[in-house]
Amino acid sequence: MNNPKALILLPRLQVQNANAISGPLTWGFPSPTAFSGFVHALERRLGDELEEGFGGVGIVCHQFDPQVTQPGGKYTRVFNLTRNPTGKKGETLAIVEEGRAHMEVSLLISLADHLDEEDQEELVSRLIEVIYTLRLAGGSIMPKRIGERYAPQYFSFPRDKESQDQVFRKLRRRLLPGFALVLREDRLEARLNEMKLDEGHGEVNALDALLDFSRLNIEPGENPDNPETAQWKVRSDPGWLVPIPVGYAAISPLYEAGEVQNARDEETPFRFVENLYSLGEWVSPHRLATLQQLLWHSETDVERGIYRCVNHYPQYLTNSTQATT
């Protein structure tokens with residue numbers, strides 16, 4: 001959670017056919033792990049051109065278009081799927097369901113050290129060469145559009161607080177209109193504590209609290225004790241809250257490299273994992289008060305078997321007022 005010394009803005013990347021099924025329970029916007037993985041791949045591709053490497057990544061979505069359709073007479077939506085390949089005689093084979101989405105996102109990547117002017121220009125030039133050869137969340141990044149608005153940009157992040165605020169205000173304007181994805185584990189924990197105190201819920205766990213946020217809760221308003229006169233309405237929670245997969249938890253011991261057959265990498269230790277879910281929120285960038293509220297960081301705890309992305313948005317809410325344009 002160190003303060004970054006510089007930032008790289010990758011504005012308005014257009015991605016086609018990104019993965020819209022990041023976990024077994026939900027579908028929609030890709031997991032933050034997809035974006036941290038993209039930054040890691042970008043760092044490895046740049047190699048020695050980065051002395052300190054990249055830090056956290058900020059995720060802002062400008063447009064999201066899931067490739068779904070709603071059959072006539074149905075309330076549910078289904079993914080647009082392809083059937084390929086066909087059998088030897090041209091018959092249709094069973095398919096594995098794949099959810100895809102087109103999206104336009106901006107990424108803000110932090111650096112641990114400053115670069116001089118010549119290195120800044122070289123880094124931006126190399127980014128333009130490399131970015132469009134990679135995949136983001138399994139999707140293809142479309143060719144660069146013409147205009148300064150779509151060009152990667154380097155920002156030096158000053159040391160004093162006033163100058164930092166000026167740079168961040170400039171960045172926020174570049175990210176509008178759009179919504180930044182942040183982590184709200186504090187809201188999830190608070191709801192879990194409320195449900196534990198409610199005798200009607202019995203024994204509850206974090207999954208119960210997550211499902212409580214994820215569904216439509218129709219509750220009586222006035223006169224809740226009298227069903228005949230009560231006015232039933234959907235509970236309204238403040239904020240645009242969404243369940244999101246944030247990483248993985250181990251379900252097996254850590255095996256030595258090469259011990260598990262058919263592993264993708266025989267030089268790296270291996271273990272089986274399952275998805276970790278948490279609660280996220282979409283926030284307009286002009287509501288962010290500090291850069292740290294935006295950035296996601298990778299966090300690894302090998303002993304506990306936790307591999308996840310974390311965001312520190314709630315930690316800065318009590319110490320700062322919400323920003324305005």
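Remember, it's a predicted structure, so these values are computed and weren't measured experimentally.
Taken together through direct or relayed side-chain contacts under 4.5 Å among Ile, Leu, Val, Met, Phe, Trp and Tyr, I131 and M103 form part of one hydrophobic cluster. A chain of hydrophobic side-chain contacts below 4.5 Å, direct or via other Ile, Leu, Val, Met, Phe, Trp or Tyr residues, connects L123 to I128. At a threshold of 4.5 Å between side-chain heavy atoms, the hydrophobic network of Ile, Leu, Val, Met, Phe, Trp and Tyr places W282 and V15 in one connected group. No chain of hydrophobic side-chain contacts below 4.5 Å, direct or via other Ile, Leu, Val, Met, Phe, Trp or Tyr residues, connects L241 to L276. L13 and Y150 sit in two unconnected hydrophobic clusters of ILVMFWY residues. Membership requires side-chain heavy atoms under 4.5 Å apart, directly or through other members.
No donor-acceptor pair closer than 3.5 Å links the side chain of S110 to the backbone N or O of P4. Looking at W296, its side chain does come within 3.5 Å of a backbone N or O of L181 through a donor-acceptor pair. The backbone N or O of E189 lies less than 3.5 Å from a partner atom in the side chain of N193, making a donor-acceptor pair. A donor-acceptor pair is defined here as one N or O able to donate and one able to accept, closer than 3.5 Å; no such pair exists between the side chain of S125 and the backbone of E122. N311 places a side-chain N or O within 3.5 Å of a backbone atom of Q293 that can act as its donor or acceptor partner. Counting only distance, with no hydrogens or angles, the side chain of H102 and the backbone of Q67 share no donor-acceptor pair below 3.5 Å. Looking at E194, its side chain never comes within 3.5 Å of a backbone N or O of D198 through a donor-acceptor pair. For the pair R135 (side chain) and G138 (backbone), a donor-acceptor distance under 3.5 Å is present.
The number of heavy atoms from other shown groups lying within 6.0 Å of CD (E162) does not exceed 12. Heavy-atom contacts from other residues, nucleotides or ligands closer than 6.0 Å to CD1 of I251 number more than 12. Residue E129 places its CD atom among more than 12 non-hydrogen atoms of other residues, nucleotides or ligands, all under 6.0 Å distant. By the neighbour-count criterion of 12 heavy atoms within 6.0 Å, atom CD of E259 is densely surrounded, having more than that number from other residues, nucleotides or ligands.
The line from NZ of K144 to CG of L10 is 12.0 Å long, rounded to the nearest 0.5 Å. Atoms CG and NZ, on D165 and K170 in that order, are 15.0 Å from each other to the nearest 0.5 Å. Atom NE2 of H312 and atom CG of L294 lie 12.0 Å apart (nearest 0.5 Å). Note: L127 CG to L46 CG = 5.5 Å, rounded to the nearest 0.5 Å. Separating the OG1 atom in T300 from the OH atom in Y248 is a distance of 12.5 Å, to the nearest 0.5 Å. Distance check, rounded to the nearest 0.5 Å: CG of L295 to SG of C309 gives 12.0 Å.
By the salt bridge (Lys or Arg N to Asp or Glu O under 4.0 Å) test, E299 pairs with R308, sequence neighbours left out. Legend: residues meeting ring pair (Phe, Tyr, Trp, His ring centres under 6.0 Å) with Y132, ordered by chain and number and at least two apart, are absent. Every residue meeting the side-chain contact (heavy atoms from CB on, under 4.5 Å) condition with N19, not counting sequence neighbours, appears here in chain and number order: I21, S22. With sequence neighbours excluded, the residues forming a side-chain contact (heavy atoms from CB on, under 4.5 Å) with S278 are L183, E185, L188, V246, listed by chain and number.
Inter-residue side-chain proximity for V60 and F179 is flagged as unmet; no heavy-atom pair is nearer than 4.5 Å. Residues V68 and R100 form no side-chain contact, since every pair of their non-hydrogen atoms from C-beta on lies 4.5 Å or further apart. Looking at heavy atoms from C-beta onward, L108 lies out of side-chain contact with I8 at the 4.5 angstrom threshold. You'll find the side chain of F270 stays beyond 4.5 Å of the side chain of L254, heavy atoms only. Between Q120 and S156 the shortest side-chain heavy-atom distance falls below 4.5 Å. Y154 places none of its side-chain heavy atoms less than 4.5 Å from the side chain of L7.
Looking at Q153 and R174, their side chains do bring a donor and an acceptor atom within 3.5 Å of each other. Between the side chains of Y277 and T26, at least one donor N or O lies within less than 3.5 Å of an accepting N or O. A donor-acceptor pair shorter than 3.5 Å can be found between the side chains of R45 and T133.
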(message) Run the side-chain contact (heavy atoms from CB on, under 4.5 Å) test on I109 and L42 for me, step by step, so that the C-alpha distance in whole Å, both residues' side-chain angles and the decisive distance to 0.1 Å come before the verdict.
(response) CA-CA 11 Å; I109 305 173; L42 185 60; 4.2 Å; yes

(message) Assess the residue pair F79 and E98 against the criterion (side-chain contact (heavy atoms from CB on, under 4.5 Å)); give the C-alpha distance rounded to whole Å, side-chain angles, the decisive distance to 0.1 Å, and a yes or no.
(response) CA-CA 8 Å; F79 286 109; E98 296 181 352; over 6 Å; no

(message) Could you go through Y307 and V302, starting from their C-alpha distance and side-chain angles, then the distance that decides it, and tell me whether this counts as side-chain contact (heavy atoms from CB on, under 4.5 Å)?
(response) CA-CA 8 Å; Y307 310 87; V302 178; 4.3 Å; yes

(message) Please determine whether side-chain contact (heavy atoms from CB on, under 4.5 Å) holds for the pair F168 and T290, giving the CA-CA distance in whole Å, both sets of side-chain angles, and the decisive distance to 0.1 Å.
(response) CA-CA 7 Å; F168 190 57; T290 68; 5.5 Å; no

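Each side chain to side chain donor-acceptor pair (under 3.5 Å) pair with one or both residues in residues 206-217, not counting sequence neighbours, appears once here: R191-D212, D212-R215, D212-R235, R215-N217.
Checked against the 6.0 Å centroid criterion, the rings of F35 and F29 qualify as a close aromatic pair.
Side-chain contacts under 4.5 Å among hydrophobic residues (ILVMFWY), followed directly or transitively, place Y75 with no other residue at all.
Using bins of under 30°, 30° to 60° and over 60° for the plane-to-plane angle, the ring pair F272/Y255 lands in the perpendicular bin.
Classification of E104 and R145 as a salt-bridged pair holds, one side-chain N sitting under 4.0 Å from a carboxylate O.
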